[in-house]
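What follows is a short report on a single structure.
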2 protein chains.
Amino acid sequence: MLVYIAGSGAMGSTIGYHIQKNTDSEVILLDYWDDHIRKINENGLKVSGKVEDTIKIKAMKPEEADKKADLVVVMTKSMALESMMESIEDIIREDTQILCLLNGMGHERILEKFVDKNQINMGVTIWAAGLNAPGEIEITGKGTIDVQNIGGDEENGKKIADLLDKAGLGAKYDEDVMFAIWRKVMVNGTMNSMTSLMECTIGEFFESEESKEIVGELVKEFTEVGRAEGIKLDYEEMMAYILKSAEEAKDHYPSMYQDLIKRNRKTEIDFINGAVVEKGKNHNIATPYNKIVTQLIHAKEDIRGAK
Amino acid sequence: MLVYIAGSGAMGSTIGYHIQKNTDSEVILLDYWDDHIRKINENGLKVSGKVEDTIKIKAMKPEEADKKADLVVVMTKSMALESMMESIEDIIREDTQILCLLNGMGHERILEKFVDKNQINMGVTIWAAGLNAPGEIEITGKGTIDVQNIGGDEENGKKIADLLDKAGLGAKYDEDVMFAIWRKVMVNGTMNSMTSLMECTIGEFFESEESKEIVGELVKEFTEVGRAEGIKLDYEEMMAYILKSAEEAKDHYPSMYQDLIKRNRKTEIDFINGAVVEKGKNHNIATPYNKIVTQLIHAKEDIRGAK
């Protein structure tokens, strides 16, 4: 099986590493970062953290890929997904499967522009990784991956879950992966956006009673829209899950904070809080809290001149 | 006439200075800052900026005041208004007039707990001043004062406006002072709260298109609630006024920013964005943007441990 990783940052490389290392599939890492590609091709991909290893693996620019893909794991930033799909259109056949593990919601609508629904597999992962230098990743947290084919092609979805599980990624087929995706979006839609706005740790934010009221309003909107989309979300259960997750991660600055505050990068807010606003519109459900949070983050991007 | 200034920071002292200097009324400054009171009693009140002067004027703690007041100009922070009124209850007769020039809205409801409506005069001013040291104020901008008696006692309201105008404060009686108060609240409710949240200048905030959209939503809520309260507010006119004011003050950090970000002090948000939320409830008008902005500022106070 030929597997492309489209977007080979920390998480993409982590998944590519496991598949190349532990299965007989061939993996090709696609990325736009010249130094990263060169180092991987020259010295192999160096892995540290939960695993210490160096493996030989191919890396190239998306435009250089010419062999048809059996599976493409898309792992770009949300904002870069569409242009990545355009770049790799030629290697996608009618039976090529796509696996999308991106944070946030709404990516399926982008993927549907390029492939049929039964080629699209959505997933959610709690693996965590960082990129220390070109060609060097650090796996900071082992996790799991849940996968579901959203077109109903269960067979192909299960094949992908099996491959990832054999690769050591703790994967399973999940007939209700949208529940897990929504739950993760709610965690990101409260912690990531609010700590980026307030410039504080998760714990500092959740200490304030006013903060918890804001979180409550955000979660109310998420659960209402989610239920209208057929996802069985319970407000009390979600709040308890978020408060527990916040307690566990209290000393952390989430990825959006890292992007916007540390690196002055544009955020994925449109695929998190912004996505529930868009989905809310389809059901005539007002989502003022998620809307203003989305606008505030965009305003902050503008004020900081984020790129 | 015996005039007390209840709360003699920069603005209170500026008004007290003008009345004591230019009319035959006696002024007593009330405040809780020991050093400020002592310096004024020892050396007089020093005035710099638009005026250079030193005058002899009495200053004392509110509890030490024992002569009945003809006029009390309340100039505390909004949050301190109620406890100030409690402290000076004994010097207020049935014919004592109160003049309230505080920023924000909703102070009349606090004053009504202590005096009749026809003793209450609301006003709005664009004078600007700072406090350089105990006993030393700096008048940074000459302005005007608009006054109206909210109980309909026009005669008393006009007497106060006359006194302040003779004092050189550019005062006039205004039969529609609530319009001016609402307009000022809208300026503060967009610039002050948003620059405090974003930690930027007025100009930096208003550069962003997303920011302007947020401002638009805030102003929509303000005008809708204001109109329900009988104030003739026009959305387009208010937006134009705010954008013009923002352009003129583009390099400034507003007072709320100074309080919260520079001095780590609690803000007057409940009397600005919070006040329109409260008034909106009485008319069943939803004000989600003003509500979340109020909550975000309170959350920021909590996170910063503001006092």
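Each chain gets a letter, A, B and so on, in the order the sequences are listed, and its residues count up from 1. Since the model is a prediction, treat every value here as computed from it, not as a measurement.
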Do Leu296(A) and Met194(B) make a side-chain contact, defined as non-hydrogen atoms from C-beta onward lying under 4.5 Å apart? yes
Side chain, backbone, both or neither: which part of Glu217(A) has a heavy atom under 4.5 Å from chain B? side chain
Working to the nearest 0.5 Å, report the span between OG1 of Thr201(A) and CD1 of Ile303(B). 8.5 Å
Could you grab the distance from atom CD1 of Ile292(B) to atom CG of Asn290(A), nearest 0.5 Å is fine? 8.5 Å
Based on non-hydrogen pairs under 4.5 Å, which of Ala286(B), Cys200(B), Ser208(B) is most in contact with chain A? Ser208(B)
Evaluate whether atom CZ of Arg304(A) has more than 12 neighbouring non-hydrogen atoms of other residues, nucleotides or ligands under 6.0 angstrom away. yes
Over 12 non-hydrogen atoms of neighbours within 6.0 angstrom of CD in Glu207(B): no
Which region of Lys212(A), side chain (C-beta onward) or backbone (N, CA, C, O), has a non-hydrogen atom less than 4.5 Å from a non-hydrogen atom of chain B, or is it both or neither? neither
With chain B as the partner, which of Glu209(A), Glu199(A), Lys291(A) has the greatest number of non-hydrogen pairs under 4.5 Å? Lys291(A)
Answer with yes or no whether the side chains of Glu210(B) and Gln295(A) bring together a donor and an acceptor at under 3.5 Å. no
